[in-house]
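Okay, so here's the structure we're looking at.
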Amino acid sequence: MLRVCLRGVKATARVGLCSTVSCHVGVSLLSSVTCSLAQGAAEMVVAGLLTVSGGVGGTILYAKWDHKFRAAVEKNVPYSEWLLGLALGPAPQDTGLPIKKRVSVCLYPPEDCKECNDHTVAMEPTAVLQKTDSAGTAEPLTERPVEEVAARLAQQDQEENNVVASVSASLEDSLASSAQATLQAIGAQEAALQAIGQHTHKLKEAMEAEAPSEEKSTQWKDLETALADRTTSMNVAKTALLKANEALDSLKSVIDKSKGLKVAAARPLILAAEENLHKMVVDLDKVVSKVQSAESEAKIVAQYSELVNEAKQQFHREVSSLTPEIQANWKGLTGKLSTDDLNALIAHAHRRIDKLNRELAEQRVREQIHIDAALEQQKLEDQKALEKAVGTALQHVKEEARLEQEKKLAELREVIEAEMRTQLRRQAAAHTDHVRDVLKVQEQELKAEAEQVLSSKMLEQETRYRQLTQEQLDNFTLDMNAAYARLKGVEEAIDSHVEAEEEARKAHQLWLSVEALNYTLKTASAESPSMPLEDAAEAVRASCVDSDFALALASALPEKSLKRGVYSEASLRARFYSMRSLARRVALIDESHNTLYQYFLSYIQAALLFESQQEAPPTQLHSEDLDAFKLLSYASYCLEHGDLELAAKLVNQLRGEARRVVEDWLTEARLTLETRQVASLLSAYANAVGLGTTQAP
Amino acid sequence: MAAEHGRKWDRCLADTAVKTVTGISVGIVFSVLFFKRRTWPVSFGSGLGLGMGYSNCQHDFRSPYLIHGRVVKEQSSR
């Protein structure tokens with residue numbers, strides 16, 4: 001079906017070959033549309049794609065041709081710039097090309113002014129020109145930034161300076177060389193002049209002077225040398241002149257070339273060079289003319305000398321023909337001549353005189369003609385010389401006039417420039433005045449603003465400062481208070497420590513004294529009692545003056561112990577055993593039974609009754625335990641186990657004679673017990689106090 | 001007190017011995033002198049001595065238990 005449609009399209013295309021494109025397109029489209037209608041979705045899609053691509057292609061083409069349209073499209077349609085960039089390349093920047101053209105045009109500005117304005121003024125018309133050149137863009141001319149202008153100005157100035165420097169250098173070089181050559185030429189010419197003068201003078205001298213022959217020969221020799229000098233100097237002068245002319249020509253060419261550069265700054269240099277050139281040319285011409293005049297004079301003198309020489313030669317020939325034996329230098333031979341010779345000579349002389357007279361007459365006759373001819377010749381020569389002189393003078397004058405004109409032009413240019421500068425300066429002054437006024441106003445405004453800001457900031461700073469100081473002060477007081485409190489606490493702690501230490505010391509002392517007391521208690525040996533406890537008790541009393549309890553205790557020590565000391569437990573124990581036997585023996589004796597018979601009976605009882613040596617006492621004493629023997633064994637047990645107190649208690653239960661017998665022991669035991677109790681109480685107290693005052697590490 | 005007891009016994013014995021001896025001697029003397037060497041004054045004397053000694057001893061041993069009373073005249077404040 002598609003192929004059918006395509007064939008149909010092709011057929012319509014072939015049919016409509018001569019028809020218009022739109023018709024063509026329309027017909028093909030129509031056929032394609034009908035075909036697609038018949039076909040379905042695929043063809044619709046293809047048609048849609050074709051239209052879209054056609055639209056895009058058309059847009060791209062139009063954007064390529066019209067940049068404004070391109071810009072509009074890029075602005076409005078999101079990704080168009082990417083697409084257009086891809087298709088056409090980046091959008092052309094208008095500012096690039098025209099500026100370059102402007103620069104190339106403006107690098108050689110028409111005339112003088114190099115300020116910004118001129119450049120921009122010159123650039124405006126060129127920009128207008130360029131605008132028409134550039135392809136249909138109409139972007140406005142943006143003023144170039146100051147830095148660019150300044151840079152370009154600097155560049156141009158630099159180039160000008162370079163050119164000027166090169167021109168001046170070349171001018172100077174050529175000037176120097178030409179000056180040198182000219183000076184040389186002048187010098188040579190003057191030398192030649194001098195040589196010519198010398199030569200002519202010498203020639204005149206040689207001609208006119210009637211000197212003796214030796215001098216004559218020297219004179220001729222001098223003349224020859226002078227002639228040689230003259231010729232050499234003439235040659236040198238000629239070569240120098242040629243060189244000078246060459247140099248001047250080169251200078252002229254250089255001047256022309258530098259004129260051709262058309263750089264204003266070099267103009268004065270060129271003017272000066274031209275002036276120098278002119279002066280040199282003038283000098284050279286003067287010298288040359290001098291030399292020529294000298295030459296002409298010399299020529300005349302030479303002619304004259306030639307004639308004289310010729311005459312001399314002729315005379316000499318005549319003389320020699322007459323008198324062949326006479327030599328050339330006949331003036332010096334006056335003494336050697338014979339009369340014939342003399343006569344011949346005189347005759348020759350006469351003949352010569354006649355000839356000369358005749359020649360003179362002839363000459364007089366032809367004088368006028370000769371004079372006329374000479375005058376004519378002279379006139380011609382004079383004319384020529386005059387013409388030449390006039391020509392050179394005219395040239396010189398022309399040159400001078402041109403130089404004057406150029407000088408005047410330069411001056412005028414300077415004046416104009418100065419005037420322009422003054423005008424610009426005035427404008428600048430006006431501008432500066434205006435700017436100054438504006439600045440003043442601005443300054444006022446800004447000052448007011450700044451003052452306000454400053455005052456507000458100052459206020460802020462002040463408040464902050466005050467706040468900070470207050471804070472600091474508060475902190476300080478807090479710290480001080482805290483420190484003071486701490487100090488106080490520390491002082492209190494120290495005081496309490498001191499007190500505690502004092503207490504501890506006292507307690508220690510007490511303890512020490514109590515220990516001393518205990519020690520004294522221990523000093524009881526087996527048989528003898530301990531040391532009297534007086535001192536120890538005194539010490540104890542001394543060391544516990546502020547403790548009533550301790551004082552009471554200390555004073556509770558029994559007198560006997562203080563005075564005599566106490567027996568140790570060991571001695572008591574030992575005594576007990578001896579006492580025990582006695583107590584056993586008198587066990588039956590009491591208040592009522594105390595006859596000797598009872599004694600006897602009790603002895604027998606003691607001998608016959610065997611009780612256990614030691615028996616543990618019960619916790620509660622019953623009435624049957626109150627038997628002496630039992631009590632004694634209990635007491636013995638207690639003693640053996642170190643319980644003096646219980647033993648004493650038990651022994652205290654004895655009655656009768658046994659009691660009386662053990663009374664002694666009992667009091668001793670009681671004393672010991674008492675003392676020990678007090679001592680233990682004291683030590684306990686001391687320990688307690690010491691413990692109380694001891695500080696844990 | 002035990003030493004006292006011992007001392008007491010010492011005294012007692014010594015005293016008794018002395019008394020006995022004394023009694024014996026007195027008895028001997030009397031027997032010799034008055035009673036024609038009969039032995040009864042010796043034994044009587046020894047007995048006497050012994051008895052005295054014994055009694056002294058007993059008294060000595062009893063002495064702590066003896067109560068010494070005294071008649072106190074009635075006071076007018078009665």
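Proteins get letters first, then strands, A, B, ... in listed order; numbering begins at 1 in each. Values below: every heavy atom of this structure, side chains too, minus hydrogens, waters and symmetry copies. Computed from a predicted structure; not experimentally measured.
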Review point. For A/F600, does the CZ atom have more than 12 heavy-atom neighbours from other residues, nucleotides or ligands under 6.0 Å away?
Key: no
Point to revise | Whether over 12 other heavy atoms sit under 6.0 Å from A/Y577 OH | key: yes
Revision key, fill the gap. When the 4.5 angstrom heavy-atom criterion is applied to A/Y597 and chain B, the contacting part is both
Exercise for review: State the CD1-CZ distance between A/I589 and B/R62, to the nearest 0.5 angstrom.
Suggested key: 10.0 Å
Check your understanding: Can you find a pair of side-chain heavy atoms, one from A/R660 and one from B/Y65, that are under 4.5 Å apart?
Key -> yes
Check your understanding: Taking all non-hydrogen atoms of both residues, which atom of B/Q58 and which atom of A/L596 are closest, and how far apart?
Key -> OE1-N, 3.0 Å
Practice item. Would you please classify the geometry between the B/W9 ring and the A/Y603 ring as parallel, tilted or perpendicular, with 30° and 60° separating the classes? Key: tilted
**Study point:** Euclidean distance, B/I67 CD1 relative to A/E591 CD, rounded to 0.5 Å
**Key:** 8.5 Å
Point to revise | Atom NZ of B/K8: over 12 foreign heavy atoms under 6.0 Å | key: yes
